[in-house]
Amino acid sequence: MRPMKIGESLMKELNKKYAPSQLITFKFSRYDVALKTDEDGNPVLMYIGKANDRGIIRGDQFTRRLVRDATGAIIKDHWDHKGKV
């Protein structure tokens, strides 16, 4: 089974700024999504799939790698698929 791909419309949601150091949940198409944000409000961890009655998502986990230069500008921004959860 191939890993889920992050499409263009979902990437638009992932490139937004959110509240710093929070867990954000929302519906995206037919999926439930949970994002954890860093201290700057950038999503850095994503769970996407179907939530059970307790709100725990069964699906795929992705982590974001943000590499910054000395001035703090982002020079690398990449999402890695970490497997099924």
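All figures in this text were calculated on a predicted structure; none of them were measured in a lab.
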**Q** Measure across L10 and F28 and return the closest heavy-atom pair with its distance rounded to 0.1 Å.
**A**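 Nearest pair, atom of L10 first, then F28: N-CZ, 3.5 Å.
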**Q** Just one of K84, K82, K5 clears the side chain to side chain contact (heavy atoms under 4.5 Å, CB included) bar with D60, so which one?
**A**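 Answer to the side chain to side chain contact (heavy atoms under 4.5 Å, CB included) test with D60 among K84, K82, K5: K84.
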**Q** Which distance, rounded to the nearest 0.5 Å, do you find between the CG of L66 and the CG of D38?
**A**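 Rounded to the nearest 0.5 Å, the CG-CG separation comes to 6.5 Å.
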**Q** Tell me, please, which residues at least two apart from Q22 pass side chain to side chain donor-acceptor pair (under 3.5 Å).
**A** none
**Q** Search all heavy atoms of A51 against all heavy atoms of D32 and return the closest pair with its distance.
**A**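 It is N-OD2, 2.8 Å.
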**Q** Please confirm whether the backbone N or O of M11 pairs with a side-chain atom of N15, one donor and one acceptor, at under 3.5 Å?
**A**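 Side chain of N15 to backbone of M11: a pair is present.
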**Q** Could you pull out all residues at least two apart from A73 that satisfy side-chain contact (heavy atoms from CB on, under 4.5 Å)?
**A**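 Residues passing side-chain contact (heavy atoms from CB on, under 4.5 Å) with A73: D69, T71.
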**Q** Do you know which two heavy atoms are closest between T37 and P20, and how far apart they sit?
**A**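 Closest approach of T37 to P20, heavy atoms only: OG1-C, 3.5 Å.
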**Q** Check whether any side-chain heavy atom of D40 lies under 4.5 Å from a side-chain heavy atom of K17, and answer yes or no.
**A**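 Contact flag for D40/K17 side chains = yes.
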**Q** So how far is it from Y31 OH to I57 CD1, rounded to the nearest 0.5 Å?
**A** 12.5 Å
**Q** What is the minimum heavy-atom distance between E39 and S21, and which atoms define it?
**A**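 In terms of heavy atoms, the two residues are closest at CA-OG, 3.7 Å.
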**Q** Once side chain to side chain donor-acceptor pair (under 3.5 Å) is applied, do any residues pair with K16, and if so which ones, sequence neighbours excluded?
**A**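 Applying side chain to side chain donor-acceptor pair (under 3.5 Å) to K16 gives E13.
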**Q** Looking at every heavy atom in both V85 and Q61, which two are closest together, and how far apart are they?
**A**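 Smallest interatomic distance, heavy atoms only, reads CG1-OE1, 3.5 Å.
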**Q** Quick check: is I24 connected to L14 through a chain of hydrophobic side chains (ILVMFWY, heavy atoms under 4.5 Å apart)?
**A**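 Yes: a chain of side-chain contacts under 4.5 Å links L14 to I24.
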**Q** Heavy-atom count check: over 12 atoms from other residues, nucleotides or ligands less than 6.0 Å from R68 CZ?
**A**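 Yes.
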**Q** What distance do R64 atom CZ and K76 atom NZ have between them, rounded to the nearest 0.5 Å?
**A**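 So the CZ of R64 and the NZ of K76 are separated by 13.0 Å.
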**Q** Do W79 and M46 have side-chain heavy atoms sitting under 4.5 Å apart?
**A** yes
**Q** Indicate yes or no for a side-chain donor-acceptor contact from R65 to the backbone of D77 under 3.5 Å, with no hydrogens or angles considered.
**A** no
**Q** Take F62 and I6, measure what side-chain contact (heavy atoms from CB on, under 4.5 Å) needs, and give me the verdict at the end.
**A** CA-CA 9 Å; F62 291 85; I6 298 176; 3.8 Å; yes
**Q** Using only atom types and a distance under 3.5 Å, with no angle test, would you say the side chain of T25 pairs donor to acceptor with the backbone of A34?
**A**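 Answer holds: no.
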